[in-house]
Amino acid sequence: MSNLNRLTHAEQFPGDNASYYTQLSERITAHTARIAVIGQGYVGLPLAAEFCHAGFRVTGLDIDKERVRTLNRGESLTPDVSDATLLALRNAGYYEATWDFSVLRNSDVIVICVPTPLRKSKDPDISYVLATVEQVVKHLCPGQLIILESTTYPGTTEELLLPLFEEKGYVAGQDVFLAFSPERIDPGNKQFTVKDIPKITGGVTPACTQLAAMFYRQIVGKVVEVSSPRVAELAKLYENVFRSVNIALANEFSLMCRQLGVSSREVIDAAASKPFGFMPFYPGPGIGGHCIPIDPAYLAWKLKFSNYQARFIPLAEEINQSMPGYVVDLVSEALNERKLCLNGANVLAIGVAYKRGVGDIRESPALQIMASLSKLGVNISYSDPHVPEIVHAGNSLRSVAVDAAILKACDCVLILTDHAEFDYQQMLMSASLIVDTRGAMRGLSGGNAQIVSL
Ligand SMILES: NC(=O)c1ccc[n+]([C@@H]2O[C@H](COP(=O)([O-])OP(=O)(O)OC[C@H]3O[C@@H](n4cnc5c(N)ncnc54)[C@H](O)[C@@H]3O)[C@@H](O)[C@H]2O)c1
């Protein structure tokens with residue numbers, strides 16, 4: 001490394017650094033700061049759109065060239081940004097997608113929203129974040145604010161990202177600004193969108209925290225500043241561990257209630273009438289998506305380095321992961337009562353997305369349940385207005401439209417995702433057997449269908 005490289009940017013260009021904070025804050029509050037959002041998926045695109053709505057010019061970066069082309073045609077691939085909105089933002093010059101990372105040089109704020117999955121070994125796969133940060137560092141310019149939003153293990157920002165910036169001679173809080181701010185959106189949720197959910201910001205220095213908070217205040221009503229990136233990273237993980245554990249509790253509770261011949265949902269609703277100290281979670285066929293099945297493992301993994309074995313996390317995982325198998329058993333028992341067996345039965349799966357209102361099938365328990373049923377000889381078909389086609393048993397399987405004739409022809413209708421688009425009353429009137437894992441049939445009456453509920 002040359003002597004010049006060893007100098008910080010502030011040392012190479014004395015006098016500049018004092019004004020970086022001021023310059024950037026002026027550009028942020030005037031909405032003239034150029035924003036780059038890396039990763040244009042479920043998280044990155046709605047965030048980019050929200051800043052466009054606030055009057056910022058935003059470039060959406062993605063390595064998926066097909067996705068970039070689609071976005072530039074005004075076709076949104078996420079439920080939280082409509083095609084019409086995207087097209088309008090694009091035509092008005094607020095939004096553009098690209099795969100060319102050199103645009104980072106002209107950006108004042110760079111937000112990273114790339115995937116953080118698990119490896120087959122269940123260890124964190126941080127390779128997407130690292131590949132992105134490599135590009136950011138390559139194009140880094142003084143005075144930029146870099147924010148990581150991808151969910152990750154505590155310490156990622158300070159242990160992994162910060163040294164890469166420091167190696168280039170930059171000093172965080174002086175000539176570049178670095179923070180973590182977890183994304184907390186719930187895709188498909190119309191009540192709480194990006195702008196309605198408070199942002200947590202934790203910078204590697206107080207100046208970094210403040211700039212990141214100032215940035216998000218331009219689009220959200222409430223920003224919670226915390227003392228470090230680690231606190232912000234952990235806040236996100238704790239939220240998702242909380243969900244995972246409580247869903248597991250509801251799932252196990254439903255198994256207990258079945259033994260006692262009581263509806264778990266009726267009990268949970270009764271308990272939820274308590275106006276304090278209780279938050280209802282409901283049983284289901286298992287957990288899916290890019291967050292709840294994955295994020296808790298990030299925390300458990302990190303703790304192994306401190307010789308600490310997390311206990312709630314693996315227990316919740318074990319219970320939640322047993323649910324698809326339990327659903328298969330429910331179908332088998334229900335058919336058996338009707339003197340039918342799985343082998344040769346016609347089962348129509350209602351919904352394959354991991355939750356209502358979205359077309360996301362990542363980690364969806366529905367896929368696992370369908371695969372198990374197929375292996376046991378079931379003729380499986382499915383309907384999902386959000387998922388036109390899936391790969392099932394190595395072949396393409398297309399969603400079917402539900403009508404009375406299809407319902408009558410099934411031995412079992414298996415409700416796996418309670419999309420609002422489905423006509424549950426029609427199912428009740430036309431099907432003979434319904435296994436309902438989502439409580440979709442509650443409150444409905446009529447018809448002759450036998451209903452088995454989770
Ligand atoms: N989906 C959710 O509900 C949700 C909610 C909160 C937080 N998160 C977190 O947000 C992060 C992103 O999740 P997502 O659901 O938006 O994922 P996604 O798969 O929908 O989108 C990620 C995008 O990043 C792109 N990408 C991958 N590597 C890249 C690279 N090196 N450079 C540029 N683009 C790259 C992919 O092509 C993809 O378009 C994850 O850490 C996730 O855990 C997700």
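Remember, it's 1-based here, ligands and their atoms both numbered in the order they're listed. In what follows, residues are counted from 1 in the order of the sequence shown.
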Y216 six-ring face occupied by K199 cation (under 6.0 Å, within 45°): yes
Gap between atom NE2 of H386 and atom CD of E421 - 0.5 Å precision: 3.5 Å
List ligand 1's nitrogen or oxygen atoms that come under 3.5 Å of a protein nitrogen or oxygen, with the partner atom and distance.
residue: ligand 1; atom: 15 (O); partner: R362; partner atom: NH2; Å: 3.2
residue: ligand 1; atom: 16 (O); partner: Y42; partner atom: N; Å: 3.2
residue: ligand 1; atom: 16 (O); partner: V43; partner atom: N; Å: 2.9
residue: ligand 1; atom: 19 (O); partner: R362; partner atom: NH1; Å: 3.1
residue: ligand 1; atom: 20 (O); partner: Y42; partner atom: N; Å: 3.1
residue: ligand 1; atom: 31 (N); partner: T132; partner atom: OG1; Å: 3.3
residue: ligand 1; atom: 34 (N); partner: I63; partner atom: N; Å: 3.4
residue: ligand 1; atom: 37 (O); partner: D62; partner atom: OD1; Å: 2.6
residue: ligand 1; atom: 39 (O); partner: D62; partner atom: OD1; Å: 3.4
residue: ligand 1; atom: 39 (O); partner: D62; partner atom: OD2; Å: 2.6
residue: ligand 1; atom: 39 (O); partner: R67; partner atom: NE; Å: 3.2
residue: ligand 1; atom: 41 (O); partner: V114; partner atom: O; Å: 3.4
residue: ligand 1; atom: 41 (O); partner: T116; partner atom: OG1; Å: 2.6
residue: ligand 1; atom: 41 (O); partner: T151; partner atom: N; Å: 3.0
residue: ligand 1; atom: 43 (O); partner: T151; partner atom: OG1; Å: 3.4

Short N-O contact, K195 and E50, less than 4.0 angstrom: no
Set of side chain to side chain contact (heavy atoms under 4.5 Å, CB included) partners for A349, sequence neighbours left out: M370, Y382, L416
Side chain to side chain contact (heavy atoms under 4.5 Å, CB included) partners for S25, two or more places apart: Y21, L211, M214
Tell me which donor-acceptor pairs under 3.5 Å the side chains of residues 272-283 have, and how far apart each pair is, sequence neighbours excluded?
residue: S273; atom: OG; partner: A270; partner atom: O; Å: 2.6
residue: Y282; atom: OH; partner: D269; partner atom: OD1; Å: 2.4

